[in-house]
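When a ligand or atom number is given, it counts from 1 through the structure's own listing order. Start at 1 with the first residue, then count along the sequence.
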Amino acid sequence: MNKQWMEFTLSIKQLYKKAFIALHEPTFNEKEVEYVTDCVETGWVSSVGSYVTRFEEDLAKFVGVKRAIAVVNGTAALHIALKIVGVENNDEVLIPSLTFIATANAVSYLQAVPHFIDINEDTLGVDPFKLEQYLNGIAELRQGELYNKQTNRRIKALVPMHTFGHPCMLDELVALCEKYKLVLVEDAAESLGSYYKGKHTGTFGKVSAMSFNGNKIITTGGGGAILTDDEELANYAKHLTTTAKVSHRWEFVHDEIGYNYRMPNINAALGCAQLEKLEQFIEHKRDLTRFYENLVTDIEGIRLFKEPIDTKSNYWLQVILLDEQYNRDKILSFLNEQGVMSRPIWMPLHELEMFKQCPKMDLSITEQLKQNVINIPSTPTNEV
Ligand SMILES: *Cc1c(COP(=O)(O)O)cnc(C)c1O
């Protein structure tokens with residue numbers, strides 16, 4: 001590797017003052033210790049306790065949504081989000097092929113079928129124009145519901161994902177869903193603190209899902225949330241994620257097959273402390289973007305991915321885009337050997353064994369981007 005790349009890794013190591021720099025580490029201080037200690041000392045560590053309600057309220061307020069239901073992880077949030085909007089056995093659900101596996105898994109848990117769609121280069125999220133053209137060809141409305149003419153299955157929902165925190169083209173996707181009678185469910189797992197035209201991501205869909213896994217912008221250890229403005233759906237989500245138990249002082253009556261998906265109190269305590277710092281994390285992330293922007297100008301053939309127009313991104317994971325002149329894996333092995341942890345974008349889901357038979361549209365942009373998108377260290381730091 002040439003001198004410019006060596007200097008690039010040196011600058012990153014100087015910034016973080018470490019020999020090995022992880023892709024994204026959680027940041028804790030006394031607040032987390034205080035709230036978690038409170039759980040331990042009072043014994044309220046598990047399925048009952050006040051931090052869950054507080055976390056749900058704080059989160060809903062931050063995002064600007066009526067209700068948030070805290071659950072064990074983002075995958076569970078997606079599972080329930082899809083279930084409560086009516087995704088059923090044998091339905092198809094439109095999802096990008098370039099997303100984390102959870103999106104497709106959640107669809108599969110309902111015995112529904114992921115239908116893979118392409119993204120665009122400006123947002124790294126679903127391309128509404130390409131999707132509309134595609135649907136015009138393969139789908140038709142039958143009594144107010146969209147059907148895939150090739151498979152004869154109902155296409156029930158669209159699940160766009162805001163890749164690495166960058167909001168996708170929500171106005172167009174909302175309009176498209178109205179036109180084609182699709183339910184919009186946002187996978188907002190990566191976009192807490194990201195806005196589209198001044199409105200928080202996760203507020204455009206009928207329901208949306210978030211994740212607070214250890215590597216996300218805030219963490220509850222493991223955790224997730226279902227967000228919605230619909231009180232009825234929110235109550236149903238809460239019911240389903242708490243074993244569908246009918247409220248009673250002593251009886252164990254459950255009125256359907258529910259899930260034990262409730263977020264434990266000790267995790268919610270961590271989340272309350274983390275939420276208090278979210279604004280600061282985002283500021284530091286955006287400072288880090290400016291730092292990287294300066295660095296990459298010195299290297300030919302790479303650029304830093306910037307937030308799409310009309311959006312404010314949380315810059316959860318920093319992205320560099322490589323020109324064709326580069327071999328992605330060579331760059332990845334160099335950076336990782338230097339102690340600068342770097343990862344490729346996900347392997348497109350339509351290439352995975354269990355999803356190979358699923359319907360898909362032309363995925364040329366996905367195929368192209370899988371070769372040249374790399375994530376570089378993104379832990380917020382106040383050093384830049
Ligand atoms: C993190 C993530 C999820 C949820 O993941 P969990 O680990 O189950 O919390 C879902 N979708 C995307 C795109 C994600 O990045």
Give the atom numbers and elements of ligand 1 that come within less than 4.0 Å of a heavy atom of [X].
X      : value
Thr75  : 4 (C), 5 (O), 6 (P), 8 (O)
Thr99  : 13 (C)
Ala189 : 2 (C), 3 (C), 10 (C), 11 (N), 12 (C), 14 (C)
Met161 : 13 (C)
Ser211 : 1 (C), 4 (C), 5 (O), 6 (P), 9 (O)

Identified side-chain contact (heavy atoms from CB on, under 4.5 Å) partner of Leu369 from the options Val319, Leu363, Ile119
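Among Val319, Leu363, Ile119, the one meeting side-chain contact (heavy atoms from CB on, under 4.5 Å) with Leu369 is Ile119.
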Looking only at protein heavy atoms, which one is nearest to [atom], and how far off is it?
atom                    : answer
atom 11 (N) of ligand 1 : Asp187 OD2, 2.8 Å
atom 15 (O) of ligand 1 : Glu190 OE2, 2.4 Å
atom 6 (P) of ligand 1  : Gly74 N, 3.5 Å
atom 2 (C) of ligand 1  : Lys216 NZ, 2.9 Å

Would the [X] and [Y] ring centres measure less than 6.0 Å apart?
X      : Y      : answer
His162 : Tyr196 : no
Trp316 : Phe305 : no
Phe55  : Phe212 : yes

Residue among Lys238, Arg262, Arg67 satisfying salt bridge (Lys or Arg N to Asp or Glu O under 4.0 Å) with Glu56:
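Result for salt bridge (Lys or Arg N to Asp or Glu O under 4.0 Å) with Glu56: Lys238.
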Can you tell me if Thr228 and Asp230 form a side-chain donor-acceptor pair at under 3.5 Å?
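No, no side-chain donor-acceptor contact under 3.5 Å.
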What are the two closest non-hydrogen atoms of Arg142 and Asn152, and how far apart are they?
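Heavy atoms of Arg142 and Asn152 come nearest at NH1-OD1, 3.0 Å.
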